[in-house]
Number of protein chains: 2
Amino acid sequence: MLSKKTQYGLKALGYLASRYGQGPVLISEIAKKKKIPIKFLESILLQLKNKGVLDSKKGKGGGYFLANSPKKTTLAAAIRIVDGPIAMIPCVSLNFYQKCKDCDEATCGLNKAMAYTRDATLKILEKKTLYDLIDTEG
Amino acid sequence: MLSKKTQYGLKALGYLASRYGQGPVLISEIAKKKKIPIKFLESILLQLKNKGVLDSKKGKGGGYFLANSPKKTTLAAAIRIVDGPIAMIPCVSLNFYQKCKDCDEATCGLNKAMAYTRDATLKILEKKTLYDLIDTEG
DNA sequence: TAGTAGTCTATTTAATTAGTAGAGTATTAT
DNA sequence: ATAATACTCTACTAATTAAATAGACTACTA
């Protein structure tokens with residue numbers, strides 16, 4: 001399961017995607033619409049900004065907005081920023097790889113199965129983008 | 001990511017799969033071979049036994065063993081027992097479903113994307129079994 | 001220059017995960 | 001029988017991560 005933090009982040013990104021091209025959106029507005037604790041949301045958006053997914057404008061009329069078109073950011077990228085690894089075990093993670101102490105990857109059955117699962121998951125998450133998070137109504 | 005507990009569980013199941021049909025295996029042997037804290041492993045194996053995946057024999061010559069042929073237990077089943085949901089968000093989980101408070105599933109973009117991802121993951125994890133966890137050597 | 005709105009640091013609380021300890025119970029070989 | 005073996009069960013503790021809060025600071029715009 002994705003952490004609550006990541007779930008909040010994806011909800012927020014979906015909302016910002018639906019408002020793309022319409023100028024900055026207040027954190028407070030996102031928080032209210034998506035029912036996310038505002039201070040918690042602040043830190044999530046900041047993190048996404050620091051990684052280049054979001055941009056913001058300070059002062060009156062300020063707020064957050066997507067740094068790029070919704071189709072430019074994949075779900076895989078967003079999840080990696082907020083949640084970390086997408087793979088189910090560290091020794092098959094592409095971006096957060098960690099070696100197993102107790103097994104040889106060349107012969108490990110678990111490694112093979114999980115690498116296969118990772119590929120199937122990534123095939124989707126690398127293709128789906130923030131654009132796909134836009135709600136079909138409301 | 002799967003919890004450490006689940007990773008341990010899968011390693012242990014892989015080992016027991018490789019020893020299927022050869023009688024009970026000591027917890028201590030599994031712990032040693034797979035470098036798992038023995039007391040922690042105890043509780044994992046017990047949990048798997050209570051769900052019918054494993055069986056055990058007490059006393060001298062006792063130990064744990066698979067309750068069924070390795071191909072009978074899917075990775076999805078094993079993961080659900082130890083880790084819980086396989087889906088990335090609760091509102092698309094088949095076995096641990098929880099309704100979103102803040103969105104309508106019929107129109108939610110995130111819901112759609114995650115349901116799609118879940119299907120791809122399950123397609124593999126429902127097909128792969130403990131048999132696939134057997135190491136190709138050693 | 002006042003007010004708005006994001007930025008940043010630090011702290012707290014809660015929950016979950018990971019691991020430990022030890023007494024209890026069933027089984028089997030002798 | 002009984003001693004040794006090996007799983008069972010309950011309880012506890014430590015470590016880590018998630019979640020949420022507080023408040024001072026900075027930048028921007030009207």
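Naming: A, B, ... by sequence-line order, numbering from 1 per chain.
Taking atom CG of A:L41 as the reference point, atom P of D:dA22 lies 17 Å away to the nearest angstrom. In this structure, B:K58 places its NZ atom 19 Å from P of D:dA4, rounding to the nearest Å. Across the protein-nucleic acid pair, B:Q7 atom CD and C:dA18 atom P stand 8 Å apart, rounded to whole Å. Taking atom NZ of residue A:K39 and atom P of nucleotide C:dC8, one finds them 13 Å apart after rounding to whole Å. Rounded to a whole Å, the CG atom of B:L54 is 13 Å from the C1' atom of D:dC7. In this structure, CD1 of B:I36 is placed 16 Å from C1' of C:dT20, rounded to the nearest angstrom. Taking atom CD1 on A:I44 and atom C1' on C:dG6, their separation rounds to 16 Å, with Å as the unit. Atom P of nucleotide D:dT16 and atom NZ of B:K5 are separated by 19 Å, given to the nearest angstrom.
By the 4.0 Å N-to-carboxylate-O rule, A:K34 lies too far from A:E29 to be salt-bridged with it.
A:Y8 has a side-chain polar atom (N or O) that falls below the 4.0 Å cut-off from OP1 or OP2 of D:dA20. When the side-chain nitrogen and oxygen atoms of B:K57 are compared with OP1 and OP2 of C:dT28, one or more of them lie within a distance under 4.0 Å.
Each of A:P37 and A:G59 was assigned the nucleotide of DNA chain D with the nearest heavy atom; the assignment lying further toward the 5' end belongs to A:P37. Mapping B:I27 and A:T6 onto DNA chain D by nearest heavy atom places B:I27 closer to the 5' end of the strand.
Checked against C:dT28, D:dA20, D:dA30, the side chain of A:K60 finds its nearest nucleotide in D:dA30. Of the candidate nucleotides C:dT20, C:dG6, D:dC7, D:dC7 has the atom lying nearest to any side-chain atom of B:L26. Among the nucleotides D:dC7, D:dA19, C:dC8, the one closest to any side-chain atom of A:L46 is C:dC8. Proximity note for A:E42 (side chain, C-beta onward) versus D:dA27, C:dG19, C:dC8: the nearest is C:dC8.
Side-chain contact check for A:K5 and A:Q47: at least one donor-acceptor pair (N or O, by modelled atom type) lies under 3.5 Å. Between the side chains of B:K49 and B:S56, a donor-acceptor pair is found at a separation under 3.5 Å. Side chains of B:T107 and A:D135: no donor on one and acceptor on the other come within 3.5 Å.
If you check every strand for non-hydrogen atoms under 4.0 Å, B:V25 touches sugar and phosphate atoms only.
The ring-ring contact (aromatic ring centres under 6.0 Å, His included) search around B:F65 returns none, not counting sequence neighbours.
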